[in-house]
J.: 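First the structure, then my questions, so here it is.
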Amino acid sequence: GTNITINIYISILYNKKKYITFFSRIVDYKRPDLILKLAQIYNDREFIIMGGVSKSNKDFAENLKLVIQQKKLHNVKIIFNPSNLEVQNILSESFIYLFPAKNEHFGITTVEAIICNCLPFVHNSGGQKEIVKNNILRFDDENFEIKFDYLLKLEEHKLFQLLEELKGTLNLFSENS
């Protein structure tokens, strides 16, 4: 059966997926520095920070790049102003999409990540809660690292289940619009 086929598909899917990705404007209140915190703990994993950088946030973004170099975080890649194709390619190779910003409105980047079969791990606030209903995929600052670790240790079939739930939620949104 189908179940075996699905499981093989998931294995291929998740073996191909290697990145833990932050994708948003690279500004301080979006808190991309939380990726650095994880990168120090999980130095066997690859992390990507990508997003829009304009004149107004160039200093912050450049400083972040500097911190990555100073801390010798060779497992972190930072990409300023990625093209749409780059975004799609990276998200489809990402295992977890990290959204650490607090009290943000409905996030279209979270939706993009889900469409690319990427699990969102979002701050437990704002519009993110509408999209990401499952508590496993939401964190508060005090349980950020514990919940991230739990997510990394989940079995593949559970990850697939979470993804299916998320896609179900997206379908509800598209039916309502």
Side-chain angles (χ1 to χ4, degrees), residues 10 12-54 57 60-65 67-69 71 73-102 104-128 131-132 134 136-139 141 144-154 156 158-160 162-163 165-167 169-170:
I10 298 165
I12 293 167
L13 184 75
Y14 280 108
N15 288 336
K16 202 186 80 185
K17 290 179 161 293
K18 48 182 183 263
Y19 304 124
I20 290 139
T21 301
F22 168 94
F23 166 48
S24 193
R25 286 202 329 279
I26 302 175
V27 289
D28 57 352
Y29 71 89
K30 299 273 190 181
R31 308 197 306 161
D33 43 290
L34 281 186
I35 276 260
L36 306 190
K37 204 173 182 179
L38 294 176
Q40 283 177 291
I41 303 168
Y42 302 95
N43 52 14
D44 57 330
R45 295 259 175 187
E46 289 182 72
F47 295 84
I48 292 182
I49 295 171
M50 67 173 170
V53 176
S54 58
N57 61 331
F60 175 80
E62 288 296 344
N63 187 52
L64 199 63
K65 206 180 226 177
V67 172
I68 291 167
Q69 287 165 353
K71 293 189 172 181
L73 295 171
H74 304 296
N75 57 338
V76 182
K77 211 158 65 176
I78 189 164
I79 303 166
F80 295 169
N81 304 316
S83 68
N84 288 344
L85 188 64
E86 263 182 304
V87 167
Q88 233 168 359
N89 287 343
I90 288 167
L91 283 179
S92 60
E93 285 184 41
S94 295
F95 166 48
I96 293 171
Y97 162 75
L98 179 67
F99 191 96
K102 288 181 180 178
E104 285 278 300
H105 303 302
F106 185 93
I108 195 68
T109 52
T110 304
V111 172
E112 281 182 69
I114 295 166
I115 292 167
C116 291
N117 292 315
C118 182
L119 279 175
F121 186 54
V122 305
H123 192 271
N124 189 20
S125 63
Q128 293 300 315
I131 313 168
V132 183
N134 198 312
I136 292 175
L137 299 172
R138 299 200 311 235
F139 65 88
D141 287 1
F144 173 61
E145 287 164 37
I146 296 163
K147 286 190 100 169
F148 182 80
D149 195 61
Y150 178 78
L151 191 56
L152 283 186
K153 291 185 170 112
L154 278 181
E156 280 181 349
K158 184 67 183 149
L159 296 170
F160 190 70
L162 288 168
L163 204 51
E165 269 175 35
L166 287 159
K167 289 188 167 179
T169 306
L170 292 189

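Here the structure is a predicted model, which means the values were calculated and not measured. Below, all heavy atoms of this structure are taken into account, side chains as well, without hydrogens, waters or symmetry copies.
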J.: To check you understand the geometry: which heavy-atom pair defines the closest contact between E112 and V87, and what is its length?
T.: OE1-CG1, 4.1 Å
J.: Show me, pair by pair, the donor-acceptor contacts under 3.5 angstrom made by side chains of residues 41-50, not counting sequence neighbours?
T.:
residue: Y42; atom: OH; partner: D149; partner atom: OD1; Å: 2.7

J.: Do K77 and I90 make a side-chain contact, defined as non-hydrogen atoms from C-beta onward lying under 4.5 Å apart?
T.: no
J.: Check whether any side-chain heavy atom of L64 lies under 4.5 Å from a side-chain heavy atom of L36, and answer yes or no.
T.: yes
J.: Judged by atom type as modelled, is there a donor-acceptor pair below 3.5 Å linking the side chain of N89 to the main-chain atoms of E86?
T.: no
J.: Under 3.5 Å, side chain of Y97 to main-chain N/O of L91, donor-acceptor pair present?
T.: no
J.: Going by heavy atoms in the side chains, are L34 and L38 under 4.5 Å from each other?
T.: no
J.: Rounded to the nearest 0.5 Å, how far apart are OG1 of T109 and NZ of K30?
T.: 7.0 Å
J.: Within a strict 4.5 Å, meaning less than it, do heavy atoms of the E104 and H123 side chains meet?
T.: no
J.: More than 12 foreign heavy atoms under 6.0 Å from CD of E62: is that the case here?
T.: yes
J.: Rounded to the nearest 0.5 Å, what separation is found between the OG1 atom of T110 and the CG atom of L119?
T.: 12.0 Å
J.: Measuring from atom CD1 of I68 to atom CG of D33, what distance do you get when rounded to the nearest 0.5 angstrom?
T.: 10.0 Å
J.: Can you confirm if the NZ or CZ of K37 lies within 45° of the ring axis of F148 and under 6.0 Å from the centre of its six-membered ring?
T.: no
J.: Would you call the rings of F121 and F144 parallel, tilted or perpendicular, where under 30° means parallel and over 60° means perpendicular?
T.: parallel
J.: Compare every heavy atom of V27 with every heavy atom of F60, then report the nearest pair and how far apart it is.
T.: CE2-C, 3.5 Å
J.: Between L73 and Q40, what is the shortest heavy-atom contact and its length?
T.: CD2-CG, 3.5 Å
J.: Any heavy-atom pair between the side chains of P120 and F99 that's under 4.5 Å?
T.: no
J.: To the nearest 0.5 Å, what is the distance between CG (N81) and CD1 (I26)?
T.: 7.5 Å
J.: Does some side-chain heavy atom of C118 sit less than 4.5 Å from a side-chain heavy atom of T21?
T.: no
J.: Starting at OG of S24, measure out to CD1 of I108 and round the result to the nearest 0.5 Å.
T.: 12.5 Å
J.: Just how far is it from atom OG1 of T169 to atom CD1 of I131, taken to the nearest 0.5 Å?
T.: 9.5 Å
J.: Please name the pair of heavy atoms, one in K167 and one in I115, separated by the smallest distance, quoted to 0.1 Å.
T.: NZ-O, 4.4 Å
J.: Between L152 and F95, does the side-chain contact (heavy atoms from CB on, under 4.5 Å) criterion hold? Intermediate values first, please.
T.: CA-CA 9 Å; L152 283 186; F95 166 48; 3.6 Å; yes
J.: Check L137, I136, N134 against E165 for a side chain to side chain contact (heavy atoms under 4.5 Å, CB included) and give me the one that passes.
T.: N134
J.: Looking at every non-hydrogen atom in both residues, tell me the closest pair between R138 and V132 and how far apart they are.
T.: NH1-O, 2.8 Å
J.: Shortest non-hydrogen contact from A101 to S125?
T.: O-OG, 4.2 Å
